[in-house]
Number of protein chains: 2
Amino acid sequence: MSDELSSDQNHSAKGPPPRSDEAKVAPKAVVNRLSLYLRELQRIEQSGKETVSSSQLGKLLGFTDAQVRKDLAYFGQFGHPGVGYRCAELVAAIRRILGTDREWVVAIVGVGNLGRALLGYKGFRPQGFRVAAAFDSDPSKVGMSFGGVAVEPTTALETTVRERGVTLGLIATAAEAAQETADRLVSAGVVGILNFAPMTLSLPPGVSLVGVDLATELEQLSFSVANSQAAVATEQSDPGPGVAR
Amino acid sequence: MSDELSSDQNHSAKGPPPRSDEAKVAPKAVVNRLSLYLRELQRIEQSGKETVSSSQLGKLLGFTDAQVRKDLAYFGQFGHPGVGYRCAELVAAIRRILGTDREWVVAIVGVGNLGRALLGYKGFRPQGFRVAAAFDSDPSKVGMSFGGVAVEPTTALETTVRERGVTLGLIATAAEAAQETADRLVSAGVVGILNFAPMTLSLPPGVSLVGVDLATELEQLSFSVANSQAAVATEQSDPGPGVAR
DNA sequence: CCTTGTGAACGACTTCACAGCC
DNA sequence: GGCTGTGAAGTCGTTCACAAGG
């Protein structure tokens, strides 16, 4: 399957300007940068500044001012000419766009080194993600608690996920168990999966997937170094230019 | 993106087609997929298959056959018409391209939950990355050992990095310490950094950076779910631009 | 002045479609 | 028959540059 869906139609013949209101789905690269903007804005807000201009924000992240404005403009008009963007306002707007203005209940499957790190990670809560359950098939881990979450046997996955209203699943199992874990999470009602297992998953339409493979990330770095593509990429996705000089 | 290195400047006015030979640097998106192809190929090889066609490989990952062929063609001719690609051959070629046909020596700074997970991660070694050092500023952690690597005080960073020939640094510190850590790694000779701290880093030109922010990844998932952009992409991160200078 | 929002130009990436080879 | 490599066409994303607002 291809990644995008065919969601929106496009078919303007030629003559009249296609006036499609609304519905212009945002490029993935844009959404990626949105997270970066949010992170930076929260830091700026913390420092007491009330507003930022697109060029200031851009400079902090290595983007052009035009890029910043264009990105934000995909979702509405948040700026104030002559002033810039008010941090608090923009932070709220971006969180709304990303869907993190509400709380997402997440479950972690696989309590190995990585699963434990995720259970103990302090950065999720403030961004709207609450880890409410953890599962592992190893009986010796069941009953232990990490980051305030008790480990349950994998057999309890479906019932616990349903009972606690878990909507996102985080897979930190071995590659071999990843697909089955995904299937079970989906059947229990999870609508999005963040996969850390070095394995390609296939999911039914309607379920979102984001994958993070640690070895793969290092490979990207290796290539980058081997080709001296300096550049600075701070996060994921997006091709961006910018080398600096 | 400026994938170009600074080597050549561009400035063709208009007239004659710019004839840049050679030097067509691969799109970053392509390099990203290369890692995915590699992972899949290794699995296929393991299963005993000798060859794969672009359409088979594409189907496994959710890409079109043309995409797979085009991606590989950026780097040379690896296929055999009528046959497909020989797995072993292609695996070797991709590793060479990514630069993982040799061993990279890496160091991890910050031995918190995440740092320990990275130290214990079994997936690095087989892909060409050897973790040779770990540092933490907390004296109570110094001397402990994880994944066979002893934790050293951060004060030893420069000397140890140099002595062991570390070339890549992995930052798993708190956001506040990330920039200073990066600066020290760079000054000790590291040429690439994989940053897990939720913080934008700025590095001198010539040093590569890849960033992974766990909260950010979840935000992408959140957006995806909120917009039902199903998608099955097993990708992981990717680049971002960055500041430099 | 400053800064945003945006059409239009530009360039980057992807898909198509087919010639050539097994 | 099956399959790759690749120009050509098309789509998508970024940069430019400027009108309009505080």
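Convention: sequence-line order gives letters A, B, ...; per-chain numbering from 1.
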Checklist line | Rounded distance in Å - CG (B:Asp71) to C1' (C:dC13) | finding: 10 Å
Item checked: A:Trp104 (side chain) donor-acceptor with A:Gly99 (main chain) under 3.5 angstrom -> yes
Item checked: Straight-line distance of A:Leu114 CG to A:Tyr121 OH, nearest 0.5 Å -> 12.0 Å
Notebook entry, point to check: Among C:dT6, C:dT14, D:dG22, which is the nearest nucleotide to the side chain of A:Ala73?
Noted result: C:dT6
Margin query: Does D:dG5 have its OP1 or OP2 closer than 4.0 Å to a side-chain nitrogen or oxygen of B:Tyr85?
Written below: yes
Item checked: Nearest to side-chain heavy atoms of A:Thr64, which nucleotide of D:dT15, C:dC22, C:dT6 -> D:dT15
Margin query: Would you say that B:Gln220 contacts A:Lys28 through its side chain, given a criterion of any heavy-atom pair below 4.5 Å between the two side chains?
Written below: no
Next item on the list: Starting from C1' on D:dT14, measure out to CG on A:Leu72 and report it in whole angstrom.
Entry: 15 Å
Notebook entry, point to check: To the nearest Å, how far apart are B:Tyr74 OH and D:dT6 C1'?
Noted result: 11 Å
Checklist line | Side-chain N or O of A:Ser54 closer than 4.0 Å to phosphate OP1/OP2 of C:dT4 | finding: yes
Next item on the list: Under 4.0 Å between any heavy atoms, over every strand shown, what does B:Gly79 touch: base, sugar-phosphate, or nothing? Just pick one.
Entry: sugar-phosphate
Check: Reckon A:Ser55 touches a base, only the sugar-phosphate, or nothing at all at heavy-atom distances under 4.0 Å?
Finding: nothing
Check: Once you round it to whole Å, what is the distance between P of C:dC2 and CZ of A:Arg86?
Finding: 19 Å
Notebook entry, point to check: Starting at CZ of A:Phe78 and ending at P of D:dG22, how long is that distance when rounded to a whole Å?
Noted result: 18 Å
Notebook entry, point to check: What integer distance in Å separates A:Arg33:CZ from D:dT15:P?
Noted result: 8 Å
Item checked: Candidate nucleotides D:dT4, D:dC16, D:dG13, ranked by approach to the side chain of A:Ala66 - the nearest -> D:dC16
Margin query: Taking only side-chain N and O atoms of B:Gln67, does any of them lie within less than 4.0 angstrom of OP1 or OP2 on C:dT15?
Written below: yes
Notebook entry, point to check: Which whole-number value in Å describes the distance from B:Phe75 CZ to D:dT6 P?
Noted result: 14 Å
Next item on the list: Answer yes or no: does a side-chain N or O of B:Arg69 lie under 4.0 Å from OP1 or OP2 of C:dC18?
Entry: no
Item checked: Value in whole Å for how far the P atom of C:dT4 lies from CD of A:Gln56 -> 9 Å
Note to self: Set out, in order, the CA-CA distance, both residues' side-chain angles and the distance that settles side chain to side chain contact (heavy atoms under 4.5 Å, CB included) for B:Thr100 and B:Phe129, then state yes or no.
What the structure shows: CA-CA 8 Å; B:Thr100 57; B:Phe129 303 98; 3.7 Å; yes
Notebook entry, point to check: Hey, does the side chain of B:Gln77 come within less than 4.0 Å of D:dT6's phosphate (OP1/OP2), counting only N and O?
Noted result: yes
Check: Should the pair B:Arg96-B:Asp101 be classified as a salt bridge under the 4.0 Å nitrogen-to-oxygen rule?
Finding: no
Checklist line | Polar side-chain contact B:Lys70-D:dG7 base: donor and acceptor under 3.5 Å | finding: yes
